[in-house]
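Some notes on the structure that comes next.
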Amino acid sequence: MIDLKGKVAVVFGLANKRSIAWAIAQKLSEAGATLAICYQSERLQREAEELAADLPGTKTFRCDVSIDADIDAVFEQFKNVYGKLDILVHSIGFAPNMKINNVLRTPREDFRMAHDISVYSLIALARAAEPLMAEGGSILTLTYYGAEKVFPNYNIMGVAKAGLEAAVRYLASDLGTKKIRVNAISAGPIKTLAARGISDFTTILTAVEQRAPLHRNVDALEVGNTALFLSSDLASGITGEITFVDCGFNITGL
Ligand code: NAD
Ligand code: 0WE
């Protein structure tokens with residue numbers, strides 16, 4: 001069993017119990033890590049507090065990653081409360097009007113916001129975490145195969161995820177000398193809030209069942225298990241890597 005006793009982990013991107021962030025938080029907490037969970041806005045505070053109550057010693061913090069002052073403030077709190085960080089999980093992605101505009105028709109402002117929230121935020125969080133990760137650490141983000149291949153309706157998020165995956169490699173290079181590893185999990189489709197309202201999501205889930213080598217979809221806790229591994233010393237030699245947790249879908253041709 002992986003033991004994270006004495007480690008401090010912060011998880012960004014909790015919206016509700018279906019969030020991939022929640023599955024990861026549960027796995028890190030079960031392994032003994034002390035957890036900080038971050039939610040975006042006051043609207044999500046109650047939900048975050050109720051869920052966090054299930055994980056002993058877990059504290060919740062509000063942080064909108066599109067606001068520099070929020071990032072500064074939350075890391076100041078981490079410094080005061082914990083004095084250090086070992087693990088940071090970034091489970092955040094958003095593109096306004098994602099389904100409405102294809103890439104060709106994406107307005108400048110929608111492109112900007114998609115990249116700000118889904119890509120720049122990883123860079124900003126990594127920079128803020130660095131001084132607290134004096135003994136080294138692990139940074140993890142969530143991506144999707146739409147970074148590499150075209151999926152109908154994924155649109156500008158696909159472009160942003162490609163940027164995110166490149167950012168993982170460059171950050172891994174920048175932070176390597178500090179013994180901070182940076183990796184991503186490329187998760188298969190999971191019915192979360194971020195998947196809600198995507199009209200053909202069931203079609204996507206069915207296609208995975210039919211085509212993926214394991215003939216089923218992944219669940220969030222399987223992503224949580226891989227996150228636990230990548231966050232632990234078992235993965236001490238892995239950085240700058242994109243690990244697929246998709247029941248093998250990405251290897252299929254036809
Ligand atoms: P989710 O809706 O539960 O999580 C997305 C989170 O992003 C929410 O908690 C939301 O509050 C947060 N967020 C958005 N803007 C923010 C901001 N400005 N400041 C702070 N937080 C902000 O959905 P999820 O599926 O758990 O998504 C988590 C990550 O996993 C995303 O990066 C998503 O792209 C990725 N992912 C999801 C799937 C899937 O099928 N669900 C597959 C692969 C990758
Ligand atoms: O990254 C995502 C989706 C994240 C997301 C979702 C929305 C919906 C509402 C980002 N921005 C928005 N903006 C909105 O306005 N996923 C990996 C989930 C997802 O979305 C898809 C998928 C999968 C998988 C869209 C089309 C095809 C597959």
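In each ligand, atom 1 is the first atom listed, and ligand 1 is the first ligand listed. As a basis for the values below, the full set of heavy atoms in this structure was taken, side chains included, without hydrogen atoms, waters or symmetry mates.
Considering only non-hydrogen atoms, atom 44 (C) of ligand 1 lies nearest to Thr143 out of Val11, Thr143, Leu142. In this comparison of Lys161, Met157, Glu47, the heavy atom closest to atom 33 (C) of ligand 1 sits on Lys161.
The closest approach between a heavy atom of Gly188 and any atom of ligand 1 is below 4.0 Å. Ligand 1 is approached by Cys63 to a heavy-atom distance shorter than 4.0 Å. Put simply, part of Pro152 is less than 4.0 Å from ligand 2, judged by heavy atoms. Within the structure, ligand 1 lacks Ala195 among the residues with a heavy atom less than 4.0 angstrom away.
For the side chain to side chain contact (heavy atoms under 4.5 Å, CB included) criterion with Ile139, the lone passing option out of Ile87, Leu171, Leu175 is Leu175.
In this structure, atom 23 (C) of ligand 2 lies nearest to the protein heavy atom Phe201 CE1, 3.6 Å. At the top of the distance list for atom 24 (C) of ligand 2, counting protein heavy atoms only, stands Tyr144 CZ, 3.3 Å. The nearest heavy-atom contact from the protein to atom 41 (N) of ligand 1 is Ile190 O, 2.9 Å. The nearest heavy-atom contact from the protein to atom 12 (C) of ligand 2 is Ala95 O, 3.5 Å. From the protein, the heavy atom lying nearest to atom 4 (C) of ligand 2 is Ala194 CB, 3.8 Å. Scanning the protein heavy atoms around atom 9 (C) of ligand 2, the nearest turns out to be Phe94 CE1, 4.6 Å. The shortest contact between atom 7 (O) of ligand 1 and any protein heavy atom is with Ile92 CA, 3.6 Å. Distance from atom 19 (N) of ligand 1 to its nearest protein heavy atom, with residue and atom name: Val65 N, 2.9 Å. Atom 18 (N) of ligand 1 has Asp64 OD1, 2.9 Å as its closest protein atom, hydrogens excluded (heavy atom only). At the top of the distance list for atom 13 (N) of ligand 1, counting protein heavy atoms only, stands Gln40 OE1, 3.4 Å. The nearest heavy-atom contact from the protein to atom 28 (C) of ligand 2 is Ile204 CD1, 3.3 Å. The protein heavy atom nearest to atom 20 (O) of ligand 2 is Ile198 CD1, 3.2 Å. For atom 9 (O) of ligand 1, the nearest protein heavy atom (residue, atom name, distance) is Gly13 O, 2.8 Å. Looking only at protein heavy atoms, the nearest one to atom 28 (C) of ligand 1 is Ser91 OG, 3.1 Å. Atom 16 (N) of ligand 2 has Tyr154 CE1, 3.6 Å as its closest protein atom, hydrogens excluded (heavy atom only).
Applying the salt bridge (charged side-chain N to carboxylate O under 4.0 Å, His left out) definition to pairs two or more places apart or across chains, those involving residues 1-26 are Asp3-Lys5.
Residue-level proximity to ligand 1 for Ile20 is carried by backbone and side chain together, each with a heavy atom below 4.0 angstrom. The residue Asn16 has no part lying near ligand 1, judged by heavy-atom distances below 4.0 Å.
Close approach to Met157 involves these atoms of ligand 2, each under 4.0 Å from a residue heavy atom: 1 (O), 10 (C).
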